[in-house]
Amino acid sequence: MNEDNHTLIAFLATLGAIVLLFAAACICLVFGKSVEAIGIGGVMTGLIGVLGTFRPKSGSVATTTTGDVNVNKEPTP
């Protein structure tokens, strides 16, 4: 597995946790436990913040006298 696969797995796991916590918060609200639902909402907010840290990688850039040049690790066909 490469780093891109690990990033995708972490992204999907975080997204799944948000969906699971949303369902738990809805169940708490149905049973009238609003304080617990607010606490779960705080956890969801933190996970959404973590979800925002996932960014696609950009290629390395080298500066030359003529401008920026992309430096690829893998040769392009």
Student: Could you measure the distance from the CG atom of Leu20 to the CG atom of Leu15? Nearest 0.5 Å is fine.
Tutor: 11.5 Å
Student: Quick check: closest heavy atoms across Leu21 and Met44, and the distance to 0.1 Å?
Tutor: CB-CG, 3.5 Å
Student: With clusters defined by side-chain heavy atoms of hydrophobic residues (ILVMFWY) lying less than 4.5 Å apart, directly or transitively, does Phe22 cluster with Ile27?
Tutor: no
Student: For Leu29, check side chain to side chain contact (heavy atoms under 4.5 Å, CB included) against everything at least two apart and list the hits.
Tutor: Ser34, Ala37
Student: If you compare all heavy atoms of Ile18 against all heavy atoms of Leu47, which two are closest, and at what distance to 0.1 Å?
Tutor: CG1-CB, 3.6 Å
Student: Is there a path from Val19 to Val30 through hydrophobic residues (I, L, V, M, F, W, Y) whose side chains come within less than 4.5 Å of each other?
Tutor: no
Student: With Phe11, which residues qualify under ring pair (Phe, Tyr, Trp, His ring centres under 6.0 Å), at least two apart?
Tutor: Phe54
